[in-house]
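Below is one structure, written out as structure tokens; the observations come after it.
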Amino acid sequence: MVRQGYRPNGADPWPGGARPSCTIYAVISAALVHDWFVANARDLPWRRPGTTPWGVLVSEFMLQQTPVARVAPVWEQWIAEWPRPSALAATSRADVLRAWGKLGYPRRALRLHEAAAAIATRHGDVVPSDVAELEALPGVGTYTARAVAAFAYGRRCPVVDTNVRRVVARAVHGAGDAGPARVKADLADVDALLPQDDATAAVVSAGLMELGALVCTARSPRCGVCPIQAECAWLANGKPEYQGPRRPVQTFAGTDRQVRGRLLDVLRAADAPVPREALDAVWDDAAQRDRCLLALLEDGLAEQTDDGLFTLPA
DNA sequence: CACGCGTGGGT
DNA sequence: TACCCAAGCGT
């Protein structure tokens, strides 16, 4: 139901004077999201019956900032090769980084490797279902912990990612898009609309994400096929454009990230330690190149052998 | 909390 | 073509 001036949770979704002129808020029906998801969910590999909590955890690591289409084939290989945390933990970091391939942000691969070791040694090779225990694992933050609790263990748990934040910002708050993250308030917003039953709530959590990924998209939302269009505060407000501050789009060309990527690409492709000259060839600016190589060594993404050659970490 | 961290596809 | 963006995390 769309209402004037109604605020779920009483929280101010636009702190700091960024409040848009709209005054319409809405309560959206979890049942509609639930039924839409059951009918429209993508057939993703990690949603197949038989996927273990470990499989879910691996998918969530890979999906941190990497699109579904690129993750899917790599996930299949990882689960086939390392079906349990202990199997991954027994693998060298070099092999893990090579298997990570070009998913990006390779520090995630190291953290997943560390998390696997922690699960193997401290949790009996079983991925924890408790949010606090999950958050204690390296590379597992607010989102990933709750995603595993919900999707791997079917628990009622607010799962807030960029998709869900956008759906809530629009459908509930009537804004064009989500502003800067407000973790506590975002979790409370979603918690307020989840049904009580664990299994049903978990499906709704997946449905909210799927809705944001497929229908309530950032660029061209397909409101005409949206299951909650009749309740959507953004539609009721006339789809106002987002007014608040936007995080500046990160540049890439010329940044350390690009240089690190090129250096690491050389190390991944090499089947033996490489001399300095092989790395020097990928970037002209020597100072930047050296800084990046040093950073890779410090991050544990590269190592130097006794005879001065460079490799992926053992 | 704002920022840095890879990569490549869509528009 | 240049942007814009994609299931975040750690510091």
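Below, read A as the first sequence line, B as the second, and so on, with proteins coming before strands; counting in each chain starts at 1. None of these values were measured; they are calculated from a predicted model.
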Open item on the list: Within the supplied structure, the quantity of interest is the number of heavy atoms (other residues, nucleotides, ligands) at a distance under 6.0 Å from D284(A) CG; does it exceed 12?
Closed with: no
TODO: Flag yes if more than 12 heavy atoms outside R122(A) fall under 6.0 Å of its CZ atom; otherwise flag no.
DONE: no
Open item on the list: For a quick check of understanding: with a heavy-atom distance under 4.0 Å over all strands, which category does A218(A) fall into, base, sugar-phosphate or nothing?
Closed with: sugar-phosphate
- [ ] Measure from the side-chain N and O atoms of R289(A) to the backbone N and O of W283(A), and report whether any donor-acceptor pair falls under 3.5 Å.
- [x] yes
Task: Distance in angstrom units between L110(A) CG and dG6(B) P, rounded - done: 10 Å
Task: Separation between the C1' atoms of dG6(B) and dC5(C), rounded to whole Å - done: 14 Å
Open item on the list: Side chains of Q288(A) and D256(A) only: does a donor on one sit below 3.5 Å from an acceptor on the other?
Closed with: yes
Task: Reference residue W100(A); test ring pair (Phe, Tyr, Trp, His ring centres under 6.0 Å); the match among W75(A), W78(A), W82(A) - done: W78(A)
Task: Pair Q64(A)-Y143(A), side-chain donor/acceptor within less than 3.5 Å - done: no
TODO: Taking heavy atoms of chain A and a 4.0 Å limit, find me the 5'-most and 3'-most nucleotide of DNA chain C within that range.
DONE: dC4(C) to dG10(C)
Open item on the list: According to a hydrophobic-cluster definition based on side-chain heavy atoms being under 4.5 Å apart (Ile, Leu, Val, Met, Phe, Trp, Tyr only), do M209(A) and W36(A) belong together?
Closed with: yes
TODO: Give T142(A) one of three labels, base, sugar-phosphate or nothing, depending on what nucleic acid heavy atoms sit under 4.0 Å from its own.
DONE: sugar-phosphate
- [ ] Give the minimum heavy-atom separation between P221(A) and R170(A), together with the two atoms involved.
- [x] CB-NH1, 3.8 Å
Open item on the list: Short of 4.0 Å, heavy atom to strand atom, which residues of residues 94-104 of chain A count as contacting DNA chain B?
Closed with: K102(A), L103(A), G104(A)
Task: Shared hydrophobic cluster for W234(A) and Y242(A) (ILVMFWY, side-chain gaps under 4.5 Å) - done: no
- [ ] For dA6(C) and dC5(B), measure between their C1' atoms and round to the nearest Å.
- [x] 14 Å
Task: Sugar-phosphate only, base, or nothing, as touched by F252(A) at under 4.0 Å among non-hydrogen atoms - done: base
TODO: Would you confirm whether R155(A), through its side chain, and A149(A), through its main-chain N or O, come within 3.5 Å as a donor-acceptor pair?
DONE: no
TODO: Go through the steps for D189(A) and R165(A) under the test salt bridge (Lys or Arg N to Asp or Glu O under 4.0 Å), then give the verdict.
DONE: CA-CA 9 Å; D189(A) 281 349; R165(A) 291 192 350 101; over 6 Å; no
Open item on the list: Without decimals, in angstroms, what is the distance between L263(A) CG and dT7(B) P?
Closed with: 10 Å
Between side-chain atoms of residues 263-277 of chain A and protein atoms elsewhere (two or more places apart, or another chain), which donor-acceptor pairs fall under 3.5 Å?
unit_1: D265(A); atom_1: OD1; unit_2: R268(A); atom_2: NH2; d: 3.2
unit_1: R268(A); atom_1: NH1; unit_2: G101(A); atom_2: O; d: 3.4
unit_1: R276(A); atom_1: NH2; unit_2: D290(A); atom_2: OD1; d: 2.6

- [ ] Grab the stems for DNA chain B, please: at least three consecutive Watson-Crick or wobble pairs, both distances below 3.5 Å, written as range with range.
- [x] B:2-5 with C:8-11, B:7-11 with C:2-6
Open item on the list: So that I can tick it off, tell me whether R48(A) and E76(A) are bridged by a salt bridge, with the cut-off set at under 4.0 angstrom between side-chain N and carboxylate O.
Closed with: yes
Open item on the list: Over all strands shown, is T144(A) touching base, sugar-phosphate only, or nothing at heavy-atom distances under 4.0 angstrom?
Closed with: sugar-phosphate
Open item on the list: Using atom P in both nucleotides, what's the gap between dA7(C) and dT11(B) to the nearest angstrom?
Closed with: 14 Å
Open item on the list: If you assign each of R70(A) and A145(A) to its closest nucleotide in DNA chain C, which residue comes earlier from the 5' end?
Closed with: R70(A)
Task: Atom P, compared across dG9(B) and dC9(C): separation rounded to whole Å - done: 25 Å
Grab the N/O contacts between the protein and nucleotides 1-5 of chain B below 3.5 Å, and write none if there aren't any.
unit_1: dG4(B); atom_1: N7; unit_2: R247(A); atom_2: NH2; d: 3.4
unit_1: dG4(B); atom_1: O6; unit_2: R247(A); atom_2: NH2; d: 3.1
unit_1: dC5(B); atom_1: O4'; unit_2: R107(A); atom_2: NH2; d: 3.0
unit_1: dC5(B); atom_1: N3; unit_2: Y105(A); atom_2: OH; d: 3.4
unit_1: dC5(B); atom_1: N4; unit_2: Q250(A); atom_2: OE1; d: 3.3
unit_1: dC5(B); atom_1: N4; unit_2: Q250(A); atom_2: NE2; d: 2.3

- [ ] Pull out every residue in residues 264-272 of chain A that has a heavy atom closer than 4.0 Å to any atom of DNA chain C, ordered by number, or say none.
- [x] none
TODO: Please answer whether the main-chain N or O of L194(A) pairs with a side-chain N or O of R156(A) as donor and acceptor at a distance below 3.5 Å.
DONE: yes
Open item on the list: Please compare G139(A) and R42(A) by the position of their nearest nucleotide in DNA chain C and report the one closer to 5'.
Closed with: R42(A)
Task: Sugar-phosphate, base or nothing in reach of L44(A), heavy atoms under 4.0 Å - done: base
- [ ] Grab the two heavy atoms, one from T217(A) and one from R166(A), that are nearest each other, plus how far apart they are.
- [x] C-NE, 3.5 Å
Open item on the list: Considering every strand and a 4.0 Å limit on heavy-atom distances, what is the contact class for R246(A): base, sugar-phosphate, or nothing?
Closed with: nothing
- [ ] For side chain to side chain donor-acceptor pair (under 3.5 Å), just list the numbers for T66(A) and R108(A), CA-CA rounded to whole Å, side-chain angles, deciding distance to a tenth of an Å, and then say yes or no.
- [x] CA-CA 11 Å; T66(A) 301; R108(A) 288 181 293 163; 2.8 Å; yes
Open item on the list: So V140(A), base contact, sugar-phosphate only, or nothing? Heavy-atom distance under 4.0 Å.
Closed with: sugar-phosphate
Open item on the list: Just so I know, are the side chains of V68(A) and L44(A) near enough to count as touching, which here means a heavy-atom distance under 4.5 Å?
Closed with: yes
